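First the structure, in the form of structure tokens, and then the observations on it.
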Amino acid sequence: MKLNDAIFGLLLMALGAAVLVAIQGYPKIPGQPVGPALFPGLIAAGLCICGVLLVARGWRARATQPWLAWDAWVRSPRHLLALAVLLGSVVFYILAVDRLGFLVTATLILAALFLVLRVPPVRAVGIALVATLLVHLAFYKLLRVPLPWGVLTGVAW
């Protein structure tokens with residue numbers, strides 16, 4: 001799917017404006033010319049500027065480029081199934097990760113995604129297990145992000 005640049009520009013401007021509104025409540029640091037809102041504010045201003053440029057570019061190109069153009073994959077049942085599995089996996093993660101735990105949930109999601117993309121089943125499960133363990137190691141052990149254990153509570157390593 002191809003969207004006109006003006007649409008993405010509007011989204012960037014909305015995101016930048018939302019950040020600018022949100023940082024208004026950040027506290028000021030006494031005696032400091034800058035505070036915690038400086039860098040988010042600069043990034044938000046940059047988003048707004050890029051959004052304006054994209055809107056201008058998209059507006060100029062509107063005569064030759066449609067606002068929305070569907071790609072060929074949209075008519076492919078296999079690709080639509082893959083998209084549905086991807087979106088469903090995000091919902092499944094949100095709903096199941098606390099009960100099942102990260103290791104189980106991520107392995108199931110990765111295996112499902114690999115299978116829908118036609119990876120052979122044994123390879124899909126093997127890669128899903130290894131990838132999940134590597135991600136868990138990186139986040140839980142190295143970055144110290146508390147990932148839920150779920151059904152594996154008490155098996156911490």
Side-chain angles (χ1 to χ4, degrees), residues 1-3 5 7-51 54 68-157:
M1 176 171 63
K2 172 78 170 117
L3 290 174
D5 286 342
I7 295 171
F8 282 116
L10 290 172
L11 291 173
L12 280 179
M13 288 191 316
L15 177 63
V19 170
L20 287 173
V21 168
I23 64 172
Q24 297 306 311
Y26 284 14
K28 307 288 186 226
I29 298 175
Q32 293 285 336
V34 298
L38 176 67
F39 289 113
L42 290 174
I43 292 170
L47 286 173
C48 290
I49 291 168
C50 289
L54 280 173
L68 171 68
W70 295 102
D71 289 333
W73 72 266
V74 176
R75 293 181 265 311
S76 166
R78 184 174 73 91
H79 290 98
L80 290 176
L81 176 63
L83 176 64
V85 170
L86 174 67
L87 296 175
S89 67
V90 173
V91 173
F92 176 71
Y93 183 87
I94 292 169
L95 297 175
V97 74
D98 287 330
R99 273 180 255 143
L100 296 178
F102 175 80
L103 292 171
V104 174
T105 307
T107 303
L108 290 173
I109 288 172
L110 285 175
L113 290 170
F114 287 139
L115 290 171
V116 80
L117 294 173
R118 296 185 177 170
V119 174
V122 173
R123 188 180 301 164
V125 172
I127 294 171
L129 279 169
V130 170
T132 299
L133 290 173
L134 287 174
V135 169
H136 186 271
L137 174 71
F139 279 88
Y140 191 77
K141 292 290 186 180
L142 300 176
L143 298 174
R144 304 212 184 270
V145 174
L147 297 172
W149 285 97
V151 295
L152 298 176
T153 300
V155 186
W157 47 287

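Residue numbers count from 1 along this sequence. Note that this is a predicted model, so its numbers are computed, not measured. Keep in mind that the numbers below use all heavy atoms, side chains included, and drop hydrogens, waters and symmetry copies.
Closest approach of Leu147 and Tyr140 over heavy atoms only: N-CD1, 3.7 Å. Residues His79 and Trp73 approach most closely at CB-O, 3.7 Å, considering heavy atoms. Nearest heavy atom pair, residue Trp70 against residue Arg75, reads CB-NH1, 4.3 Å. Summarising the geometry of Pro36 relative to Pro40, their closest heavy-atom pair is O-CD, 3.4 Å, with the distance given to 0.1 Å. Minimum interatomic distance between Ala44 and Gly16 (heavy atoms only, all atoms of both residues): CB-O, 3.4 Å.
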I would like to know whether Leu133 and Leu137 meet side chain to side chain contact (heavy atoms under 4.5 Å, CB included); could you show each step before the answer?
-> CA-CA 6 Å; Leu133 290 173; Leu137 174 71; over 6 Å; no

Under the side chain to side chain contact (heavy atoms under 4.5 Å, CB included) rule, what do Val97 and Phe92 come out as? Steps first, then yes or no, please.
-> CA-CA 8 Å; Val97 74; Phe92 176 71; over 6 Å; no

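In this view, Leu142 satisfies the side chain to side chain contact (heavy atoms under 4.5 Å, CB included) rule with no residue, not counting sequence neighbours. Under the side chain to side chain contact (heavy atoms under 4.5 Å, CB included) criterion, Phe39 pairs with Leu42, not counting sequence neighbours.
Screening residues 12-35 for side-chain hydrogen bond (donor to acceptor under 3.5 Å, both in side chains), with sequence neighbours left out, gives no hits. Under the side-chain hydrogen bond (donor to acceptor under 3.5 Å, both in side chains) criterion, no residue pair touches residues 83-104, with sequence neighbours excluded.
Atom-to-atom distance recorded for Ile43:CD1 and Ile23:CD1 is 10.0 Å, nearest 0.5 angstrom. Atom CG in Leu54 sits 9.0 Å away from atom CZ in Phe8 (nearest 0.5 Å). To the nearest 0.5 Å, atoms CG (Leu20) and CG (Leu15) are separated by 9.5 Å.
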Please list every donor-acceptor pair under 3.5 Å in which a side-chain atom of residues 102-119 meets a protein atom from a residue at least two apart or in another chain.
unit_1: Thr105; atom_1: OG1; unit_2: Gly101; atom_2: O; d: 2.7
unit_1: Thr107; atom_1: OG1; unit_2: Leu103; atom_2: O; d: 2.6
unit_1: Thr107; atom_1: OG1; unit_2: Thr132; atom_2: OG1; d: 3.4

